[in-house]
2 protein chains.
Amino acid sequence: MTATDGTVGKALDVLEKVAERDRPVRFSDLLAESELPKATLYRLLQTLTNQGMLRHDAETGAYSLGVRLVRLAHRAWSTASLAPLARPHLDALARQTGQTIHLAQLDTAQVLYVDKRSAETPVEMFSQAGKIGPAYCTGVGKTMLAFLPVDQQDRLIQQQSFHAFTDQTLDTPERLRAELVAIAARGHGYDREEHEPGIICVAVPILSAGGRVLGGLSVTGHKDHVALATLEGHLPALKTTARAIAEDAADWAFPERGSEAVMTRREEDTCRESG
Amino acid sequence: MTATDGTVGKALDVLEKVAERDRPVRFSDLLAESELPKATLYRLLQTLTNQGMLRHDAETGAYSLGVRLVRLAHRAWSTASLAPLARPHLDALARQTGQTIHLAQLDTAQVLYVDKRSAETPVEMFSQAGKIGPAYCTGVGKTMLAFLPVDQQDRLIQQQSFHAFTDQTLDTPERLRAELVAIAARGHGYDREEHEPGIICVAVPILSAGGRVLGGLSVTGHKDHVALATLEGHLPALKTTARAIAEDAADWAFPERGSEAVMTRREEDTCRESG
DNA sequence: AACCAAGTTTCAATAAATGAAACTAAATGC
DNA sequence: GCATTTAGTTTCATTTATTGAAACTTGGTT
């Protein structure tokens, strides 16, 4: 992370810098906030552009993320995330609970939402999946942290920003740590308006047979519409769903493990009914 | 592409190799199909894993794509693709035509679908957007190629595989080139079951004010359900939509261009109503 | 016309990637 | 139970690519 990981690390840092912006960035903007010398940055940008990871607008001279990323991520999402595999389970859970469901995984120290079901509005995947949130003040985030091995947990706690989004936010490592112990003991976590006023949730971890944290699952609602107790009522369903996802994930995890019938997940990546 | 672009290029090649697989890959599998020497590949994999671009399963020792890609791609999709900006236009077009709509961009020599609307089934973004298709035998692909500057066009034609998906497929550079000339003259392209039996479409390019190809837009249907003539009837609507998308894209293209009111696109990347 | 800013190229010094081979660990065969 | 193969990891002298200061080019400004 801090160790630059050679040239590749630097290149990915540059990519990240471009990704942080909401708009195309010019060379000099990047140069200003980058440690790298002019010529180095220049060539990294060229390489990344060459590779399709960045796009360089000839007219304006500005760089933006390249579409190759979208293709790679589609693969990542469909082969490495829990989302495609969890889809039927999430559908069922959403129907059963009538509430908003989140499926998340850890991306470094942050929560990455890989899927979402909401009762009312239909799913809008790409605009929802791929979003990130803080780990220390969301239901799924805290719950995933709680079930991590101590060394990893410690490392990630150090990386949290502890910004107080609301007056409920656990804004110190100590408060968070106490909460994580409680979550681990209890088996599930809460969000009591710690990230956003009014928003509450109940979250459970998705654990592999070996106890490794695969992801997190939550039912979310607004306290004006649903009581925390009601959400807690969905705990059995949540836990059943989490277990079902973990089982499917185990089947998928490695070739020649489960004999056959695992290929259900495959989803043609080349677009049919093309246009 | 062939010129390895230094270490960064090699690393991205490795990433791509992992992405090609539907399942986690072991070190030796990658080694077998890679030109790279053992030690080099090994360290590249380490670096990429370190950086969160790959995930390494400690138990099985297999590599899969990392979730960091999903986050990056969400940014790429929402800041660099036409999709978020085109969304309202696509919605309107889908409603108006009652047919399946595709929005695509070029990713190297391939067509990358960044959004899709279908009349019946509701949208499933991530599972649709991000898919790729061949450029030489899809409506949007051929149409985008047709409006490219000759040098780029030539380069991309050379990169096509010319596999004959159907007996309608234009399976030589010559046939494709003739078709591209016709499309450029006519202003729009067709897919006459060239990629998939029964599937037909009419496609138009999305061009910037300067004539640069930003993307492609198509109405698609099955010949048993809709006649090509009917799809052609939607051409005015298609063209209007393409122009509208291009105009919105121009406003967005660069900072301090259009004074204000451009910020409509911004879409909080941090997930609210979190869970 | 002179100036300035942004971006691009050069080239010797330097740091990093390389890859052959040695090593370790675990699985498989005898 | 010991030898052998297979898969993955580490080492280190060699080679190669990256580096970065500075010079240069381009396009816009006063």
Side-chain angles (χ1 to χ4, degrees), chain A residues 1-18 21 23-51 53-66 210 253-257 259, chain B residues 1-18 21 23-51 53-66 151 209-210 212 253-257:
Chain A
M1 198 97 256
T2 37
T4 31
D5 259 333
T7 316
V8 177
K10 282 172 203 163
L12 293 176
D13 280 355
V14 172
L15 197 65
E16 200 75 45
K17 280 274 170 2
V18 177
R21 309 296 195 104
R23 297 208 164 218
V25 218
R26 272 163 309 136
F27 175 74
S28 43
D29 296 336
L30 287 170
L31 184 61
E33 65 174 272
S34 167
E35 306 287 81
L36 302 169
K38 222 182 184 182
T40 306
L41 177 64
Y42 180 71
R43 273 165 313 197
L44 285 177
L45 286 170
Q46 281 208 141
T47 304
L48 288 169
T49 306
N50 240 324
Q51 293 286 332
M53 303 296 279
L54 291 178
R55 221 180 59 76
H56 184 230
D57 187 324
E59 298 170 40
T60 63
Y63 293 88
S64 48
L65 292 178
F254 202 54
E256 36 284 31
R257 177 72 52 100
S259 54
Chain B
M1 200 94 257
T2 36
T4 31
D5 258 334
T7 315
V8 177
K10 283 172 203 165
L12 294 177
D13 280 354
V14 172
L15 197 64
E16 199 75 44
K17 279 277 169 4
V18 177
R21 309 298 195 103
R23 296 207 164 218
V25 219
R26 270 162 310 134
F27 174 73
S28 42
D29 296 335
L30 287 170
L31 183 62
E33 66 175 273
S34 166
E35 306 288 80
L36 302 170
K38 224 180 182 184
T40 306
L41 177 64
Y42 180 72
R43 273 164 311 198
L44 285 178
L45 286 170
Q46 281 207 143
T47 305
L48 288 169
T49 305
N50 239 326
Q51 292 287 333
M53 303 295 278
L54 291 178
R55 219 179 63 74
H56 184 228
D57 187 323
E59 298 169 42
T60 63
Y63 294 88
S64 49
L65 293 178
D151 56 330
R212 199 162 56 79
F254 202 54
E256 36 285 31
R257 176 72 52 102

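All of these numbers come straight from a predicted model, not from anything done at the bench. Residue numbering restarts at 1 for every chain, and letters A, B, ... go by the order of the sequence lines.
- Interatomic distance, S64(B) OG to R23(B) CZ, rounded to the nearest 0.5 Å: 12.0 Å.
- Proximity of T47(B) to L12(A): side-chain heavy atoms (C-beta onward) are nowhere separated by under 4.5 Å.
- Interatomic distance, L45(B) CG to F27(B) CZ, rounded to the nearest 0.5 Å: 6.5 Å.
- For the pair R212(B) and D57(A), the minimum side-chain heavy-atom distance is below 4.5 Å.
- A search for side-chain hydrogen bond (donor to acceptor under 3.5 Å, both in side chains) contacts involving Q46(A) returns Y42(A), not counting sequence neighbours.
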Write out a two-atom table: protein N or O, nucleotide N or O from nucleotides 13-15 of chain C, distance below 3.5 Å.
none

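- Contact annotation: the side chain of L48(A) never approaches that of Y63(A) to less than 4.5 Å [non-hydrogen atoms, C-beta and beyond].
- Atoms CD and CD, on E16(B) and Q51(A) in that order, are 9.0 Å from each other to the nearest 0.5 Å.
- At dG7(C), one or more side-chain N or O atoms of S28(A) fall inside 4.0 Å of OP1 or OP2 (strictly under the cut-off).
- For DNA chain D, the residues of residues 40-47 of chain A within the heavy-atom distance limit of 4.0 Å (strictly under) are T40(A), R43(A), sorted by number.
- Considering only heavy atoms from C-beta on, T49(A) stays 4.5 Å or farther from R55(A) through its side chain.
- A 4.5 Å side-chain heavy-atom check between K10(A) and L44(A) finds at least one atom pair inside the cut-off.
- Note: CZ (R26(A)) to C1' (dT8(C)) measures 17 Å, nearest angstrom.
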Only pairs under 3.5 Å count here: list side-chain donor-acceptor contacts from residues 28-35 of chain B, not counting sequence neighbours, and write none if there are none.
unit_1: D29(B); atom_1: OD2; unit_2: R26(B); atom_2: N; d: 3.4
unit_1: E33(B); atom_1: OE2; unit_2: R21(B); atom_2: NE; d: 3.4
unit_1: E33(B); atom_1: OE2; unit_2: R21(B); atom_2: NH2; d: 2.5
unit_1: S34(B); atom_1: OG; unit_2: L36(B); atom_2: N; d: 3.0

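- Going from atom CZ of F27(B) over to atom P of dA26(C) covers 17 Å, rounded to whole Å.
- Note that the first and last nucleotides of DNA chain D, 5' to 3', having any atom under 4.0 angstrom from a heavy atom of chain A are dT18(D) to dA21(D).
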